[in-house]
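Working notes, structure below.
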Amino acid sequence: MAHDLAIRGGLLATATETYRADIGIRDGRIVTISEAITDAEDVINATDRIVMPGGIEAHCHIAQESGMGVMTSDDYESGSISAAFGGNSSFIPFAAQKKGQSLTNTMQTYDARAAPKSVLDWSYHLILTDPTKAVLAELPEVFAKGVTSFKVFMTYASRVSDAQFLDILSVAGKHGALTMVHAENHDMLDWMARRLVDGGNVAPRYHAPSRPGLAEEEAINRAISLARLAEAPLFIVHVSTPAGAELVANARAKGGQVWAETCPQYLFLTREDIDKPGMDGAKFICSPPLRDAPTQAALWQHVQAGSLSLVSSDHAPYRYDDSGKFSAGRDVNFREIANGMPGIEMRLPLLFSEGVGKGRISLNQFVALASTNAAMIYGMMPRKGTLSVGADADIAIWDPNETRVAGEMHDAMDYNPFAGIEVTGWPVTVLGRGRRIVENGKLIAEPGSGQFIKRAPLDLTGHPGQPVPELDPAQNFGANLS
Ligand code: URP
Ligand code: ZN
Ligand code: ZN
């Protein structure tokens with residue numbers, strides 16, 4: 001037989017096309033796309049289903065300690081399984097450097113957490129919290145291993161200074177790596193939070209006003225300027241404001257090498273959700289915080305216009321108990337509650353139902369936001385993120401008509417912030433390199449069957465950058481900039 005497996009009778013959707021065809025798979029790769037494949041050992045019947053590239057979850061916290069030292073509830077087993085049930089066939093969690101830790105040791109720590117457990121293929125974005133000279137010198141080695149994206153924080157205890165940020169951007173840029181940033185102005189947040197707490201406003205809901213949109217806008221503007229000066233590409237994570245999205249779109253329109261994402265919590269929840277009695281609002285504490293309904297509507301426009309390239313979950317699972325949200329105790333103010341909420345399994349069903357189902361985005365835009373753009377930005381194209389001959393058979397088969405009310409997920413969480421929302425369209429079968437990971441709603445893959453993905457650099461063709469005159473030898477008296 002020419003094929004190990006054929007997917008027959010489905011409607012194929014990529015980031016650019018929708019058409020009927022069969023897919024033939026051999027040795028984990030797509031080898032044939034044609035009208036009818038009849039020579040396969042094994043067949044999946046995809047009649048009445050949509051067949052698309054498996055989702056790529058590009059922002060999730062798995063088996064990772066937060067800045068406050070709280071371990072996520074999900075490890076690579078529960079996290080990858082939950083992601084697979086949500087239509088993903090690969091993911092890129094973070095490997096977070098601790099202060100004083102070498103990058104080699106950081107990578108080893110996360111390899112030990114991921115390799116025995118993940119059902120999905122995975123890579124890491126490396127979080128840098130302590131960019132000493134020795135650590136910066138290790139970066140090219142990490143890059144050579146195929147980890148081609150780094151992340152820094154402009155807030156939290158793990159934040160870097162602007163000078164450190166410039167150093168990281170500069171080394172990453174020279175080696176073709178992409179720097180990601182959590183952009184909020186730390187001092188603006190700290191000043192607001194202190195005023196709120198000093199005034200006795202300590203309940204979880206005050207997390208929202210403690211982190212003004214202006215703090216995000218300021219930090220995004222600064223991050224873009226720093227990246228220009230360092231001549232390096234930049235990715236802004238979890239953009240929650242239209243002002244932030246506009247800065248990204250404007251920079252890119254001028255040649256800037258800047259991309260960004262938003263997340264389900266900013267598209268499907270609002271600040272009304274954090275306004276709960278008692279401590280219940282803690283379930284909705286994430287940073288940046290939930291915004292108001294007009295902000296949400298304007299963010300959707302940026303998703304539609306393409307200024308935001310991805311919708312990632314920012315799955316940061318801290319349970320509503322003493323192991324997670326309340327690891328600092330129950331009698332605490334909003335500043336002491338772990339930041340983050342789960343969403344790895346809901347990201348794509350929500351985006352499909354509210355996006356494609358309600359006519360806000362096309363099916364092809366959905367595929368781009370769910371998978372293809374992540375593969376392009378994070379150096380995995382053409383192996384991942386598309387249905388084409390030669391690509392890994394990373395495929396999600398969706399029932400576009402199945403309606404469910406969101407409830408319990410397959411993660412290790414004890415709540416779902418999106419519970420109760422009616423969602424139409426669910427992934428039913430997910431393949432990774434041709435292996436069945438989930439089939440008709442049942443887990444098939446074994447923990448440890450995922451593989452590490454060696455990634456390439458971001459392709460900057462067509463994004464020339466925004467030259468800074470003082471870096472031009474003709475304008476800086478031929479200065480030697482080391
Ligand atoms: O509140 C959030 N988003 N927690 C996870 C860490 C981060 O900032 O992405
Ligand atoms: Zn963040
Ligand atoms: Zn995050």
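When a ligand or atom number is given, it counts from 1 through the structure's own listing order. Bear in mind that the values here come from a model prediction, so they are computed numbers and not experimental data.
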Name the atoms and distances for all side-chain donor-acceptor pairs under 3.5 Å in residues 417-425, with sequence neighbours left out.
{"from": "Thr424", "atom 1": "OG1", "to": "Thr403", "atom 2": "OG1", "distance (Å)": "2.8"}

Any heavy-atom pair between the side chains of Ser123 and Phe452 that's under 4.5 Å?
yes
For Asp111, what residues pass the salt bridge (charged side-chain N to carboxylate O under 4.0 Å, His left out) criterion, not counting sequence neighbours?
none
Give a yes or no on whether the ring-centroid distance for Tyr378 and His125 is below 6.0 angstrom.
yes
Name the residues with a heavy atom less than 4.0 Å from ligand 1?
His59, His61, Lys151, Phe153, Tyr156, His182, His238, Cys286, Ser287, Asp314, Ala316, Asn339, Gly340
With a cut-off of 2.8 Å, which protein N/O/S atoms are close to the Zn ion (ligand 3), if we only count those under it?
His59 NE2, His61 NE2, Asp314 OD1
Arg211/Ser240 under side-chain hydrogen bond (donor to acceptor under 3.5 Å, both in side chains): CA gap, chis, key distance, verdict:
CA-CA 11 Å; Arg211 301 180 92 101; Ser240 67; over 6 Å; no
Assess the pair Tyr156 and His186: is the distance between their ring centroids shorter than 6.0 Å?
no
Is the Phe366-Trp398 ring centre distance short of 6.0 angstrom?
yes
So Cys286 and Tyr266, do their side chains get closer than 4.5 Å, heavy atoms only?
yes
Assess the residue pair His61 and Asp314 against the criterion (side-chain hydrogen bond (donor to acceptor under 3.5 Å, both in side chains)); give the C-alpha distance rounded to whole Å, side-chain angles, the decisive distance to 0.1 Å, and a yes or no.
CA-CA 7 Å; His61 303 269; Asp314 192 8; 3.0 Å; yes
